[in-house]
Each structure stands twice: as C-alpha cells, then as structure tokens.
There are 2 protein chains.
Amino acid sequence: MKKYTPISIGDIAKALNVSPSTVSRALKNHPDISEATCRKVQEYAREAGYRPNVLALGLKHRRSMTIGIIIPEIVHHFFSSLLSGIEDLAYGKGYRVMICQSNEDYLREVINVKALMDHRVDGLLVSISKSTLDYNHFREVLSHEIPIVFMDRICDELPTDRVVTNDYEGARMMVKHLLKRGCRSILHLAGPQHLCVGRERYRGYQQALREYRVPLRDELILRCDTPAKIDKSAHQLLSLVDEIDGIFAVNDFSAVAAMRLLQKNGYTIPGQIAVAGFGDDPLASLVKPMLTTVEQRGYDMGREAARLLINRLAGEGETAYQTKVFPAFLKVRDSA
Amino acid sequence: MKKYTPISIGDIAKALNVSPSTVSRALKNHPDISEATCRKVQEYAREAGYRPNVLALGLKHRRSMTIGIIIPEIVHHFFSSLLSGIEDLAYGKGYRVMICQSNEDYLREVINVKALMDHRVDGLLVSISKSTLDYNHFREVLSHEIPIVFMDRICDELPTDRVVTNDYEGARMMVKHLLKRGCRSILHLAGPQHLCVGRERYRGYQQALREYRVPLRDELILRCDTPAKIDKSAHQLLSLVDEIDGIFAVNDFSAVAAMRLLQKNGYTIPGQIAVAGFGDDPLASLVKPMLTTVEQRGYDMGREAARLLINRLAGEGETAYQTKVFPAFLKVRDSA
DNA sequence: TTTATTTCCGCAAACGATTGCGGTATGGTT
DNA sequence: AACCATACCGCAATCGTTTGCGGAAATAAA
C-alpha cells in the first residue's frame, strides 16, 4: 500500500502541459477555454481522482462551507435529534458541520465559540448553556458578520434568527389539561429563569392557572430541572406532596425523577398525583405509568435552523430576522 | 456593530514595521528574534486579538488538526456517548472534530469518507454502517496514510487500531446467566453476521450453550436487531414462544421490543420467559421489568479511540496496531 | 584595520486554488 | 497589405502562514 498524496490542480497542469489557471477554468467550463481542453482536463481530473482542496478554497474565498454547532450535551436525546436534523440538511446543501458541546458550562461555551471562529465557520447554530449569563462572545461573532441561529435555548437580545418550540402555549395547554382533570394545586418544577425556555414554560403555567382562576402560590414553584436536583430537594418536595394534586415539570427527566420519588413513597400516579413533563423524550413512553408530556420536534427544529442559516449565508442577510415557532402538541398518556 | 475582519500576521507586520516572517517567528519565540521584538509583537497580537488562520495553517502543514468521525446514527445513546467521549478528549488535545452520520447506509458512508478527506482530516474515527460490505473506501483512506480507529463496529481485515467491547465474553456471560437461571431453550435475536459485533455475540451465545451441553438449535436463531424487524417477525416469534424459556437479544432495543410483544400476548417476564439484552441503553432501566443487559461504556470507548488516534498521529505510526478491548459487565436487573 | 563570529531580521518560495489582465495566434475585413 | 475581432491561454498576485537562506549590522578576535 503505497503513499498517495492527493492530486492538485498544479499536477494536472504539469501532466497536460497547460497552466494551472487553465485547469482551474477548464474544470468549471469557463468560456475562455476551448471545448477540447475542457474535455481533456476534466477527463484527466476524473481519472486521477482530483478533489479540490477545501482548505485552499476556504483560504481564498474566506469561507469554509462549514457550520459550527454548540449544544449543551450531545447525549440528550433532544439535542442529538437537533444534530441529526442539522446534519441531514446541511450535508444536502454541501455544508459540513463542526460540533462542540458546552457541557452546560459558560467558559467552555466561550472557548467553543473561539475554536469555531478559528476554523472560519460560515455560521453558528447554538443552544445556550444553562450557566451562560452574558452574551458578549456571541456579540463578537455577530460583529464579524457571522450569522447565528439560536435553537430552543435562544437569546432574546441578539439580532438573529431563532427556532423554538411554542413553550408558552405548550405549558399552558398542559397545565390546562391538568386543571381539566381536576387538579387545583399544581406544583411546578421550574427551570432556570434566565433561560427563555424556563421562563416561557413558567409563564404558560401561570396563564393556565389564571384562566381557571386558581390562585398562584409561590411555595408551589420549585427550581428543579434535573433528577439530581430532585434528589437533593426530595425532602422539600415530600413535605409539599400532601397539599398538591399535580406536578408540571419543565422537562421529562425531572418529571420522571419526581414520579419515581413519589412512587417510592407510596403515592399513586396519576391517582393521587398527576404528573406531566415537557419534551417527549423517549423515556416518556417507557416509564410506568407512561408520562404525559409535550412533544418537541428536535429533528425538524434542527433542519429548520440549518435551513435558516444557510439561506442567510446565501442571501447575504438582506431579509429580516425571523423566529420560527414550532407548535407544541400534547401527548396525553397515563401519568396525567 | 461594524464589520471587523480577523487580523492577520501581515497586519501585525505592517503595524509594527517588520516583516511577516519576523512576526511569525516572534509569536513562537524563535531564538532568531530579539526579546524586545518578541515582546512587542506578542503584545500587539494579544491586544489586537490575533488568532492564527487554521485554514492557512492546514494548507501549509498539510494537516488540519481535525478528526473526522463517521457513525451510523447520532440519536442512538451509545453513539452519542461515543461522540461525547471523543469530543471531550480531542478538544483537550487541541483537535476539532467533524461528524458525519451514515444512517446505516453504505453509499452515505462512502460520501462521508470523501467529504472528510476533502477537508483534509488528520485521521478517522469510524463505526461501520450495517449495510457496508466492502471496505475499499477505507482502504483508500489508509493508502493516503490517514490513520483510522474503528470503534465497536470494527473491520477485521484492515490494519488499524480498534476499540471494542468484549462482545464474545459479554454474550457468553449473559447466556450462562440465563442457563444458570434454568433456561434451556434460549432464542437468540441476532444481528447481521457480517458485523463483528453480531458475530461475536453469537459466538458467545454458542459457547455458553456448549459449556452447559445444551444443543444448538438453528431454528432458535432469528435475524432481528431492531424493533421494526421484531414487529415484522412477530408471527414467527410467537410461533416459537411456547418452546422457549429465554431470549438473548443482540441489543436492548430488540430485547425490549420482544418483551413488549410477549407481554402483550400474556406472557410474564421473567416468569415464563427470561429476556436479556446488550448495551445497557438508558431505556433498560426504565422498562418494566427492568432489563437485564450487558454494560457497554460508550463514553470511555470514545475517549480511548480518540486517544489511540491522536497518539498515532503524534507518533507517526511507528507502533503496532492495537485492539483495545473493554471488559463487559453483566447488569442483572429484573427481566432475567 | 582586517577578519571572524554573533545577533537579528527580511526575501522569496511554498501550500492549492482563483481571477484580472494581458498576450499570441487565427481568421476575417477593407 | 494593413487592420480588427475573436478565441484561447498564461502571468502573476492573492488568501495567511511557514521556513530555508542570505544579508546587514554589531561585536569580538587577531
């Protein structure tokens, strides 16, 4: 197996006794080049397996045909669905993707942004980390005229396209569903309120209660959006459990964790307490009872985000920024 | 927000009235450059936010400091764990990753290989697609002296490093566990036999039976490695169910699908039929009864694969190829 | 003062591709 | 015969960085 370096335009030129410029033009059927030469060059290129060096192209054109992606954690099903959607669409349009995970860490996110900028990505697809409180790293990106599309965990204050689920409406519908079932004391396991996702779902919760004229009680709001935090707050949660008849969690993981905790302590679901989640993670249909939740189309959102970004890259940004809102669908199962 | 193009070495040179070569050397403390000049250049570079253009670097050095990854599907937990492990390690060593999914499609895999080669990746991390039967695209990569590390779905016939779980041993242990429980007619839901993973797990199954002097019966081997295929073979499976007392599935998804099918038809698990899977997907501990399975450390395997690849890239390939075998651990839960 | 040695820096080519501009044939017009 | 247009192609600069080599200036040795 002998070493075989990729062939360049110069190599073709030498072999065919023409100049590199002629080869370059011949390969793209430039009218200046005779048909005969074009054929000769293209044939040779094909047989020699010529493939343009994207690094050289990127250097010349100052764009790399790659899209940078930053997401909190690849292993979460929602994010890997996003990725999958992005990847499928981007590849179809000739773009490659470069993926980073922030691990919910602000510093890592900043480093990721730098790394992707170093690689001269043409645009960024971002879902913000939980610990991110300022957006200067993104502002910097935008100042370089690199477009960003935020997905799900968006940033309100930056001029970008966005792709989100209708969190407000989804939460509102879900809580109304709980109310319709007869729940009147609904605990909300809330996400971080600096993230729009957490805020919007909380707003939906509030609105539903208002519509049913159920008073809002602050002590029924618990900042708990991971199983770990549920465990830590187990005591507090159990002390509340006798005065509630429903739980609306900001995501499926904490919903399931809460469900487990309650079941372990002898409560029946949905008999004594109804439980609802958000996101329709695969685990939702696997647990007993099956979790009632709100569907969130990760794959489609990813595709749409990639589409928005690539359109903007093509259109040179003349159009106004848009926020694509995906409708939320109730998935009523057994837990509520 | 005004446009701000990234600054180059030439810009620094002009600003400081020195040559680009001097700047380049000063930035890396080359002994030819006076301490004063070094300081001056580095200071200016820092303040101007200079960041080297990796495209130009890649063009010059003929390497891009990026690793190409091809996996079947990002949304499978095992693969996203792999990714996560790779990403964490690679970033620590200054490498970026470029990820492609083959969607279990041979043609897509070939295209992915080409795309990654076009991007002049320094090495490849690959988990082969199910529909891949020939390896010429990988051979081509190796002929360019681009190293590959195969992960989990490896290729025997190519000279590369590999990272696998001890599939044989895991399967053997699991089937022996079933036998110890008293099972004597164990159905095997097998994977494609052209994949080593499928072959090795089948071998483990056979060996365990031999050790217990239980005759091997061909009619108890079903090529079924996805829920969809289980559904399609439901009839056949149900026709066998009365003469079996255990199922060993090549992965957790088909194990759970089979479990569901049996439960729906009134069979109790593990009472009448014990069911075991492979992989310890998150779903394993969510289903009822909780699935007994074999643990597979995706994250660690990913890290190890990245480590092997980066070492080889650094060491210029003087060492012999190695196959890192991760031990398999039984996760005995409730289903068997 | 001449020669040898350091010290410090710049020129220019190279990586692979693109592109404006200019140049040489060839043929056709007057 | 002199002129113009057209068809076809090459030169050289450019993107940003690296690096071998050579050269100037300063210092040391003879």
Check whether B/Y91 forms a cation-pi arrangement with B/R96 (NZ or CZ under 6.0 Å from the six-membered ring centre, at most 45° off the ring normal).
yes
Through what angle, rounded to 10 degrees, does the axis of the helix from C/dT1-D/dA30 to C/dT30-D/dA1 turn between its ends, using five pairs per end?
80°
Within this structure, what is the [atom1]-to-[atom2] distance between [X] and [N], rounded to whole angstrom?
X     : N      : atom1 : atom2 : answer
A/M65 : C/dA17 : CE    : P     : 16 Å
A/H30 : D/dC9  : NE2   : C1'   : 11 Å
A/I33 : C/dT18 : CD1   : C1'   : 13 Å
A/L16 : D/dC8  : CG    : P     : 17 Å

With a 6.0 Å cut-off on the ring centroids, do B/F150 and B/F138 count as close?
yes
What does nucleotides 10-17 of chain D look like as a protein-contact string, B for base, S for sugar-phosphate only, - for none, at under 4.0 angstrom between heavy atoms?
BBB-BBBB
Any A/I74 side-chain heavy atom under 4.5 Å of A/F79 side chain:
no
Check the pair A/R51, B/D118 against salt bridge (charged side-chain N to carboxylate O under 4.0 Å, His left out), reporting the backbone distance first and the verdict last.
CA-CA 7 Å; A/R51 310 224 82 204; B/D118 284 354; 2.7 Å; yes
Would you sort out whether A/R153 and A/E73 count as a salt bridge (charged side-chain N to carboxylate O under 4.0 Å, His left out), showing the intermediate values?
CA-CA 13 Å; A/R153 310 243 199 112; A/E73 310 213 44; over 6 Å; no
Would you say B/E35 has more than 12 foreign heavy atoms packed within less than 6.0 Å of its CD?
no
Would you jot down, in residue-number order, the residues of residues 34-45 of chain A having a non-hydrogen atom under 4.0 Å from DNA chain D?
A/S34, A/T37
Inspect the contact between [Y] and [X] and indicate whether a charged nitrogen and a carboxylate oxygen are less than 4.0 angstrom apart.
X      : Y      : result
B/D134 : B/R139 : no
B/E304 : B/R307 : yes
A/D32  : A/R25  : no

Go through the steps to decide whether A/R108 and B/E87 satisfy the test salt bridge (charged side-chain N to carboxylate O under 4.0 Å, His left out), and finish with yes or no.
CA-CA 12 Å; A/R108 179 86 181 254; B/E87 217 257 342; 3.3 Å; yes
